[in-house]
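These notes concern the structure reproduced below.
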There are 2 protein chains.
Amino acid sequence: MSQKDNRPPTIYDVAKAAGVSISTVSRVINASSHVSDPTRERIQDAIDRLGFVPKAEARARAMKGFSRIGVLTPFFTAPAFVQRLRGIAEGLLSTPYELTIFAVESIEHLNHYLATLPLTAHLDGLILLSLKVNDQSANKLKQHDLETVLIEFPRPDLNTVEIDDLAGGEMAGNYLADKGHQSFGFIGDTSELREYTILPITQRLQGFQKALRERNLYLPSEFICKAEYDVQNAEEKIEPILKQKNHPTAIFAATDLQALGVVNKARALGLRVPEDLAVLGFDDLDIAGYVGLSTIRQSLEESGRLAVEILLSRIKDPDRPLRHVRLPLKIIERQST
Amino acid sequence: MSQKDNRPPTIYDVAKAAGVSISTVSRVINASSHVSDPTRERIQDAIDRLGFVPKAEARARAMKGFSRIGVLTPFFTAPAFVQRLRGIAEGLLSTPYELTIFAVESIEHLNHYLATLPLTAHLDGLILLSLKVNDQSANKLKQHDLETVLIEFPRPDLNTVEIDDLAGGEMAGNYLADKGHQSFGFIGDTSELREYTILPITQRLQGFQKALRERNLYLPSEFICKAEYDVQNAEEKIEPILKQKNHPTAIFAATDLQALGVVNKARALGLRVPEDLAVLGFDDLDIAGYVGLSTIRQSLEESGRLAVEILLSRIKDPDRPLRHVRLPLKIIERQST
DNA sequence: TGCTTTCACGGAAGTGCTTTCATGCTCATA
DNA sequence: TATGAGCATGAAAGCACTTCCGTGAAAGCA
């Protein structure tokens, strides 16, 4: 019995017990591969037998960062956030970084997070999804050297991943006009509910109007409609418009969920989609593919992956310049137009 | 400028700034005597100025009462996991607990997590989503006193939240038979792809068959169909069945995504849903509501909330007995049946 | 004045871990 | 047969501290 008195076992004891070097033990404790199965097993065995627990303090010392990246997200009720999150998780998959999610549910909550996370959360990096960052918070982040990437919120002094909502609106207008439509409608969501998120429907609408205007087409204000970000509410709000005898023949919805509501209601009213009514969404959620909705793809997963990429590259080398990536948009034509 | 870039200051930085050796700084930090007053003051000054916090201490503090709960999930590609996660996040919202997500992508990966997380992750609790836990891993969890809740995997020695898939299948059978159907089909997913997850379609199928048998109805094996967990693949796989002249009039899909594929394909083939073909799904994903799919609700969010509740109550009082909750299922009738 | 104490302080050796680099090994390729 | 690619492994160099030991100078005592 070569037990070291009654002191807690160290990695050396484990190594000796398993007949390997401490490096190899460290490898099996951490995710690293490059350890053969039999060896790994022997080591696991020794760990269990000795009741070895790595001392957190020693680890902290030896390790560079915390291996933690945090994501601040409006409470993920919306599919768009989920898909972005998926991209983030995917990007982090082959890295040693942990993914910790902080759900934001009010603007105070957000600002509280932004004030305290850099100090107490022990993060190497932070990604914010569609959240407003004011000057004060931004300074705090920079002051504490917490690398940050903003998705879907512009800020010259922080890394950002954005899309061009105005251009997206224009694409929609041009696309529908090219299809020969003459009368249009728009449905967007009322984002006033949440002051801390931004859902830039206004810009999408402006782009849409701009494209139409340039072709001498017109979007009547009575065909502009706002609804909550939700299928059912969109169904209700669009109903009076679709019931008019000369309803628009093409509707651009600022989000896929609302586009789906429009399609549902149209069908329920006996309108054929796309023959009687073309519907174009925005986002390209998974669900758009499932139900054959034409839409403008904004590469949600990609935005997450990209944010991770930017974050990790800056963590690795803080001297890299800030990046402001604008993701391309693309019309995905399916069966609703 | 002798600034150490952006890295947090170390004891060396303080020593240099105060013009002393690190030993002396260490003495000051640890309140040891044998330091002259002027020197002590100079050092304190430097400490304050640099905002020095001993790293190990910081780490230890961070990990002390961790307030961290981890979720192991098959890489959240499937909406069902997302909804469970949503329930978990919701349950954690008003608590001081952080939510850290560990995405599992292979069985080795899972077992590695199970072997090392109890040691190094500093978690107060762990929730596993639809993941297989073997005896060895379970022992490890218990041995390290890591409170654990399993969702959708049965184990008498750990807390569990489950549903009764067999009963769910029976509900489907009874429901469709009550509607007067005489000929049935089934589509389920091939979960062989991922040995680490469990998608208990077999039981759903068995329950379905059982209910039908008890009414002297029959599910022909040529109408049992397996597809990947995916809308498009379901569309493809169900096509030959729907094309037969006496195709079934009711199809039970073991998951909503596949149900949706069936509905899509049926419509594409000119069949009316539900007049010519009734389709019943399983899960009640958000999307089921969006597209009017009848389904069997398994309260995905609720499973997450419940898991959190169980976990927190056991963390608070480890003497509470293990819990094995079985969530009720409910038929949600919409437009596809 | 000479000698021991005392005490502030620096040097350097641990501490328990991670990580980089070097090495030998086995296969597959030229 | 030479070559190298890939991988499991060990040796050793950190990491950010603590602590032990030793030194020189001031202080105390005769």
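The structure displayed is predicted, hence computed values, not measured ones. Protein chains get the first letters and strands the later ones, always in sequence-line order, with residue 1 at the start of each.
Note: CD1 (B:Ile29) to P (D:dA16) measures 13 Å, nearest angstrom. With rounding to whole Å, B:Ile22 atom CD1 is found 15 Å from D:dG14 atom P. Distance CD1 (A:Ile47) to C1' (C:dC17): 13 Å, rounded to an integer number of Å. A:Ile43 places its CD1 atom 14 Å from the P atom of C:dC17, with the value rounded to the nearest Å. Rounded to whole Å, atom P of C:dA22 lies 17 Å from atom NE2 of A:His34. The interatomic distance linking A:Arg59 (CZ) with D:dC15 (C1') rounds to 14 Å, in whole Å. When rounded to the nearest whole Å, the span between NZ of A:Lys16 and C1' of D:dT9 equals 19 Å. A straight line from CZ of A:Arg27 to P of C:dG16 spans 20 Å, rounded to a whole angstrom.
Remark: D:dC29 base-pairs with C:dG2. Criterion, Watson-Crick or G-U wobble with two distances under 3.5 Å.
You'll find that the side chain of B:Thr39 is closest to C:dC9, out of D:dC7, C:dC17, C:dC9. Residue A:Ser21 has its side chain nearest to D:dG10 when only D:dG10, C:dG10, D:dA8 are considered. For A:Ile11, counting side-chain heavy atoms from C-beta on, the closest listed nucleotide (D:dT9, C:dA8, C:dC17) is C:dC17. Among C:dC17, D:dC7, D:dG10, the nucleotide with an atom closest to any side-chain atom of A:Thr24 is D:dG10. The nucleotide whose nearest atom lies closest to any side-chain atom of B:Ser26 is, among D:dC15, D:dT19, D:dA8, D:dT19. Candidate nucleotides D:dT18, C:dT19, D:dC15 were compared by shortest atom distance to the side chain of A:Arg61, and D:dC15 ranks first.
Mapping A:Tyr12 and B:Phe52 onto DNA chain D by nearest heavy atom places A:Tyr12 closer to the 5' end of the strand. Taking the nucleotide of DNA chain D with the nearest heavy atom to each of B:Val25 and A:Gly19, the more 5' of the two is matched to A:Gly19.
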From CA spacing to verdict: side chain to side chain contact (heavy atoms under 4.5 Å, CB included), B:Leu85, A:Ile101: CA-CA 11 Å; B:Leu85 224 36; A:Ile101 290 177; 6.0 Å; no

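Taking the side chain as every heavy atom from C-beta outward, A:Arg305 and A:Val308 never approach each other to under 4.5 Å. Two residues are said to be in side-chain contact when any heavy atoms from C-beta on lie closer than 4.5 Å; A:Thr39 and A:Val28 fail this criterion.
For the 3.5 Å distance criterion, the side chains of A:Arg320 and A:Asn159 fail to qualify, holding no donor opposite an acceptor.
None of A:Glu152, A:Glu162, A:Arg84, A:Gln83 except one satisfies the side chain to side chain donor-acceptor pair (under 3.5 Å) rule with A:Gln298; the exception is A:Arg84.
Residue B:Ser23 places a side-chain atom within donor-acceptor reach of the base of C:dG11, judged by atom type and a 3.5 Å distance cut-off alone.
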